[in-house]
Q: 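Got a structure for you, questions after.
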Amino acid sequence: MFLSNGPGDPEAVVETYEQVRKLMGKVPMFGICLGHQMVSLAAGGRMEKLKYGHRGGNHPVMNLITRRVEITAQNHGFNLVFPSLGTLVPELSGGVAEHPVGPDGTAATGDLRFWAERGVAPVVENEHFGRIRLTHVNLNDGTAEGIQFLDAPVFSVQYHPEASPGPTDAHYLFTAFAHLMDGDPDYLDIDIARDRLAGWRFGTA
């Protein structure tokens, strides 16, 4: 099942994310933008309205699994508060037991670039769907950009891998979805540099 992008406040489409909740774990699922927000809300996550929405085609996002940085196209004003999905699993989060906190002393405002700096893709224990991994982080403002369910065939990203004309760094996510449907447990571990160069032929000196 592919959950597409769309406009507006994700909290306004309750029927959609309630239906998504019923289907999660039953079929492979990939969500982008509003689809990502539907997946997040279905898992009991909380959304926040960004002070500055993400607009345009030049947002740097790090894939925490491969450590590659993608230049992405984005167009949204709401974002997942990653700590709202559950408590950290220290043994799967580089030994870290507490979510990073922000200026107000709460995890809700924590800067997720904390994980990019440590090279860790943290995992939380979710009360509805088991383990969920943070897979992508915005390097401009430290917000969540992607999640992966480790106990269900589901993943999602906040940005637009289909954007054309625009950056193509995130096209690999469609390949990842095909790998997920094929049952590959490492479906997100794709080197985008290798993916870009697939089929190229270089001359020899």
Side-chain angles (χ1 to χ4, degrees), residues 1-50 53-54 59 61 63-65 70 72-89 92 99 107-108 112 121-138 143-163 170-188 190:
M1 174 169 287
F2 181 77
L3 303 173
S4 71
N5 50 304
D9 183 348
E11 295 282 3
V13 283
V14 178
E15 296 86 353
T16 301
Y17 66 76
E18 286 183 345
Q19 187 62 38
V20 168
R21 181 181 295 132
K22 295 175 184 177
L23 294 171
M24 285 169 65
K26 297 180 180 178
V27 294
M29 189 176 293
F30 174 30
I32 64 170
C33 199
L34 185 66
H36 162 76
Q37 295 167 356
M38 294 299 95
V39 166
S40 301
L41 287 169
R46 182 167 63 83
M47 307 304 298
E48 65 177 350
K49 185 171 177 58
L50 294 168
H54 295 173
H59 291 260
V61 169
N63 179 328
L64 296 175
I65 297 172
E70 310 159 27
T72 67
Q74 306 204 11
N75 187 25
H76 61 98
F78 294 84
N79 197 73
L80 166 67
V81 179
F82 177 68
S84 67
L85 289 175
T87 57
L88 285 171
V89 181
L92 298 177
H99 289 285
L112 298 180
V123 175
V124 298
E125 184 67 34
N126 180 262
E127 65 175 315
H128 304 290
F129 295 102
R131 299 166 301 160
I132 301 177
R133 171 184 285 151
L134 177 69
T135 57
H136 296 78
V137 170
N138 190 301
T143 53
E145 291 282 1
I147 56 175
Q148 173 191 22
F149 289 66
L150 300 184
D151 300 310
V154 180
F155 76 109
S156 60
V157 293
Q158 181 61 76
Y159 50 98
H160 291 262
E162 85 293 355
H171 281 185
Y172 76 95
L173 290 167
F174 296 106
T175 302
F177 189 34
H179 289 182
L180 171 62
M181 289 187 284
D182 287 338
D184 181 356
D186 297 319
Y187 60 91
L188 273 177
I190 296 175

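Computed from a predicted structure; not experimentally measured.
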Q: When the aromatic ring centroids of F177 and Y187 are compared, is their separation below 6.0 Å?
A: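 No, they do not, as the ring centres are separated by 6.0 Å or more.
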Q: Any donor and acceptor pair, going by atom type alone, linking the side chain of H76 with main-chain N or O of F78 inside 3.5 Å?
A: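 Looks like yes, one N/O pair under 3.5 Å.
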Q: Classify the ring geometry of F2 against F174: parallel below 30°, tilted from 30° to 60°, perpendicular beyond 60°.
A: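 Rings of F2 and F174: tilted, as their planes differ by 30° to 60°.
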Q: Kindly indicate, with the supporting measurements, whether the criterion side chain to side chain contact (heavy atoms under 4.5 Å, CB included) is fulfilled by V39 and L3.
A: CA-CA 9 Å; V39 166; L3 303 173; 3.6 Å; yes
Q: Grab the two heavy atoms, one from M38 and one from Y17, that are nearest each other, plus how far apart they are.
A: O-CB, 3.5 Å
Q: Got a second to check how far I190's CD1 is from L173's CG, nearest 0.5 Å?
A: 7.5 Å
Q: Hey, what do you get for OG1 (T72) to NE2 (H59), rounding to the nearest 0.5 Å?
A: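 Here the rounded value is 6.5 Å.
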Q: Report the distance from atom CZ of R133 to atom CZ of F82, rounding to the nearest 0.5 Å.
A: 10.0 Å
Q: Evaluate the criterion side chain to side chain contact (heavy atoms under 4.5 Å, CB included) for residue pair V137 and T143; output intermediate values, then yes/no.
A: CA-CA 6 Å; V137 170; T143 53; over 6 Å; no
Q: Scan side-chain atoms only and decide if Q74 and H54 contain a donor-acceptor pair under the 3.5 Å cut-off.
A: yes
Q: Of the non-hydrogen atoms in M47 and P10, which two are nearest, and what is the gap between them?
A: CG-CG, 4.0 Å
Q: Is the backbone of E48 close enough, under 3.5 Å, to the side chain of N79 for a donor and an acceptor to pair up by distance?
A: no
Q: R46 and A108: which non-hydrogen atoms are nearest, and at how many Å?
A: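 Looks like NH2-CB, 3.3 Å.
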Q: Could you check if a side-chain atom of V123 sits within less than 4.5 angstrom of a side-chain atom of L150, using non-hydrogen atoms only?
A: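 In contact.
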Q: Is there a donor-acceptor pair closer than 3.5 Å between any side-chain N or O of N63 and the backbone N or O of I65?
A: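 Yes, N63 side chain to I65 backbone: donor-acceptor pair under 3.5 Å.
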Q: What's the spacing between L112 CG and L64 CG if we round to 0.5 Å?
A: 8.5 Å
Q: According to side-chain hydrogen bond (donor to acceptor under 3.5 Å, both in side chains), does anything in residues 18-38 pair up with another residue at least two apart or in another chain? List the pairs.
A: H36-S156, Q37-Q158
Q: OG1/T87 to CD/E125 distance, rounded to the nearest 0.5 angstrom?
A: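 Those atoms lie 7.0 Å apart.
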Q: Would you check if the side chain of N126 reaches a backbone N or O of L85 as a donor-acceptor pair within less than 3.5 Å?
A: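 Checked: pair present.
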Q: Where do H99 and A107 come nearest, in terms of heavy atoms and distance?
A: CB-CB, 3.7 Å
Q: Flag the pair F155 / F149 as yes when their ring centroid distance falls below 6.0 Å, and as no otherwise.
A: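 No.
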Q: Determine, step by step, whether I32 and E162 satisfy the side chain to side chain contact (heavy atoms under 4.5 Å, CB included) criterion, reporting the C-alpha distance in whole Å, the side-chain angles of both residues, the deciding distance to 0.1 Å, and the verdict.
A: CA-CA 9 Å; I32 64 170; E162 85 293 355; 3.4 Å; yes
Q: Would you sort out whether V157 and E145 count as a side chain to side chain contact (heavy atoms under 4.5 Å, CB included), showing the intermediate values?
A: CA-CA 5 Å; V157 293; E145 291 282 1; over 6 Å; no
Q: Is there a side-chain contact between M29 and P153, using heavy atoms and a 4.5 Å cut-off?
A: no
Q: Counting only heavy atoms not in M181, do more than 12 sit closer than 6.0 Å to its CE atom?
A: yes
Q: Quick check: does any side chain N or O of S40 sit under 3.5 Å from a backbone N or O of G45, one acting as donor and the other as acceptor?
A: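 It does not hold such a pair.
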Q: Can you name the nearest heavy-atom pair linking A42 to V20, along with the distance?
A: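 In terms of heavy atoms, the two residues are closest at CB-CG1, 4.0 Å.
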Q: If I take atom OG1 from residue T135 and atom CD1 from residue I132, how far apart are they, to the nearest 0.5 angstrom?
A: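 It is 11.0 Å, given to the nearest 0.5 Å.
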Q: For a quick test of reading the model, state the closest non-hydrogen atom pair linking A121 to L134 and the distance between them.
A: CB-O, 3.4 Å
